[in-house]
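Numbers restart at 1 for each chain; the letters A, B, ... are given by sequence-line order, proteins then strands. Because only heavy atoms are used, hydrogens play no part in the values below, and waters and symmetry mates are left out as well, while side chains stay in.
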Protein chains: 2
Amino acid sequence: MTPSPKPVAQMIPITTHTLKVACSQCNLRELCLPLGLSEHEMHKLDDLVGARRRIKRGTHLYRAAEQFEAIFAIRSGFFKTDVIAEDGREQVTGFQMAGEILGMDGIGTEHHTCNAIALEDSEVCPIPFARLEDMSREIGTLQHHFHKVMSREIVREHGVMVLLGTMRAEERLAAFLLNLSQRFGSRGYAPNEFHLRMTRDEIGSYLGLKLETVSRTFSRFQDDGLISVQQKHVRIIDPAGLKKLMSRNC
Amino acid sequence: MTPSPKPVAQMIPITTHTLKVACSQCNLRELCLPLGLSEHEMHKLDDLVGARRRIKRGTHLYRAAEQFEAIFAIRSGFFKTDVIAEDGREQVTGFQMAGEILGMDGIGTEHHTCNAIALEDSEVCPIPFARLEDMSREIGTLQHHFHKVMSREIVREHGVMVLLGTMRAEERLAAFLLNLSQRFGSRGYAPNEFHLRMTRDEIGSYLGLKLETVSRTFSRFQDDGLISVQQKHVRIIDPAGLKKLMSRNC
DNA sequence: ATCGCCAGTTGACGCATGTCAATCCCCGCC
DNA sequence: GGCGGGGATTGACATGCGTCAACTGGCGAT
């Protein structure tokens, strides 16, 4: 093989300008806040969004009880959010990927109420919340889109409640895999082959299962020819079969 | 018994004026949207909020898939919201009481995504959403308060995820009772004695348990002297004992 | 006031998932 | 490239909750 050229990013001199997010240029705009803004509005948004911030794998973007200042659009990477109850139990409340918004839990109390931890080296665009509210008062489209984003988060959580309240282990894991698949797909990645960024324990916490149950269920899916799984690498062989699993009996 | 006097409501001539909500007069304002508004802003809000609507016990305030037009402030009464998955499973996603806001799940898709059903005869104040957004652009306080309400709903659902994901049956029911107690208390009702508006089945759906388990756990709590329960009437005898239950081991 | 029905209670039993433990095997670090 | 450790797998066993079923009793309709 011939040596591949250096990644483009390394050839561009790093200035505040290149570090600065330009929403108007961002290929995630359909997933993030700027959806449906005019050219002019989009450029106003560029001023709102702060300089991109790198979060190394394993470190916190924010912690519960910290002062809430901004929400964050994920530019690249992968996060988990979790809640630690007073008695120490951990519940993973979600996994977030590029184009999704983090931190809306902090608005109500002006303090974050959960932890956000990068599961791989990531970049986020901080959106100072007070300024977002100001700008929302000028740009109705932005206001409305932000409301939609928050509402969708509520609806997503309803889905998790259905999962945790009514589904059996197999169904939970099938739903989880199909959800990841759909989200990777809509970002232009292969929907049927991906690397899990989280451990079995984190999957288990999210799905209300113990890690051994997650592991066993993965193995069963593999034996049944639904997926092939090797550590964190997953290939979905029979998506329809997984879907069928979710609506069996009951 | 002597015949009781007619209910007061029937003695007042029904006019648009009496049916109309006056947020500026409402004793629920601390719980609902108008928190922190000036006198002038409050009166603008009075124009926003539509005529109060009565919802009879057992009937729907809205249904999943219906067009979303408004959110609803509960003036009086008690509701449940539920999601029916494609395969028919029902998950109760919440119980709502006076001063709480219903319908924010519909903003994202412009269609409601769950059902809201009155568990007793109730009254709601419809808040046309497009007009709420308009007014939010004029009144920053209102905008901010609405964002807080949505954020708190997200945080509430995180709490439910912790409950469903990590707690055992006893802990779930204890958490449920203490939550109801706190909410009744903050509305001026006796925190330690109340009527459940929902069935064992609905409690079970909310808590991810079968109705038999709910019933058995109630009985166990009674045997242990934590509560006294007779059908839908509950008295909390030992709140501290219930709290301790929730943080035992783990 | 009475009846019928639906909600609730209680018991017996089974199963899905948790618990505990041993072993394996990547992955990243030096 | 080798080594160490944490993540993953797998097995044996335990148990909490679900399932099925019988029975009770309040409440609302008439």
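Rounded to an integer number of Å, the gap from CG of A/Leu211 to P of C/dA22 is 17 Å. Going from atom CZ of B/Arg216 over to atom C1' of C/dG8 covers 12 Å, rounded to whole Å. Rounded to whole Å, the distance from NZ on B/Lys210 to C1' on C/dA12 is 19 Å. Rounded to a whole Å, the CZ atom of A/Arg172 is 14 Å from the P atom of C/dA16. Distance CD (B/Glu212) to P (D/dA21): 12 Å, rounded to an integer number of Å. With rounding to whole Å, B/Glu120 atom CD is found 13 Å from D/dG28 atom P. Taking atom CG on A/Leu209 and atom C1' on D/dA8, their separation rounds to 16 Å, with Å as the unit. Residue A/His233 contributes atom NE2, which lies 14 Å from atom P of D/dT9 at whole-angstrom precision.
Within the structure, side chain to side chain donor-acceptor pair (under 3.5 Å) pairs that include any residue of residues 215-231 of chain B comprise B/Glu170-B/Arg220 (at least two apart or interchain). Counting only residues at least two apart or in different chains, ring pair (Phe, Tyr, Trp, His ring centres under 6.0 Å) contacts with residues 74-93 of chain A are absent.
In this structure, A/Arg235 places its CZ atom where only 12 or fewer heavy-atom neighbours from other residues, nucleotides or ligands lie under 6.0 Å away.
For the residue pair B/His158 and A/Glu157, a side-chain donor N or O sits within less than 3.5 Å of a side-chain acceptor on the partner.
Ring pair A/Phe72/A/Tyr62 is parallel by interplanar angle, where below 30° counts as parallel and above 60° as perpendicular. Using cut-offs of 30° and 60° on the angle between ring planes, the pair A/His112 and A/Phe68 is perpendicular.
Listed by chain and residue number, nothing satisfies the side chain to side chain donor-acceptor pair (under 3.5 Å) test with A/Gln182 (two or more places apart in sequence, or in another chain).
Taking a 4.0 Å limit (strictly below) on heavy-atom distances, residues 190-203 of chain A reaches DNA chain D at A/Thr199, A/Arg200. Contacts between residues 217-232 of chain A and DNA chain D, defined by a heavy-atom separation under 4.0 Å, are made by A/Ser219, A/Gln231, A/Lys232.
Residue A/Thr213 places at least one side-chain N or O under 4.0 Å from the OP1 or OP2 atom of C/dG18.
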Counting only pairs under 3.5 Å, give me each side-chain donor-acceptor contact of residues 204-213 of chain A, with atom names and distances, residues two or more places apart or in other chains.
| residue | atom | partner | partner atom | Å |
| --- | --- | --- | --- | --- |
| A/Ser205 | OG | A/Glu90 | O | 3.3 |
| A/Ser205 | OG | A/Val92 | N | 2.8 |
| A/Tyr206 | OH | A/Arg156 | NH1 | 3.4 |

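Residue-level contact check: A/Gly204 touches neither bases nor backbone, having no heavy atom under 4.0 Å from any strand.
In this structure the side chain of A/Met198 reaches within 4.5 angstrom of the side chain of A/Phe95, judged on heavy atoms.
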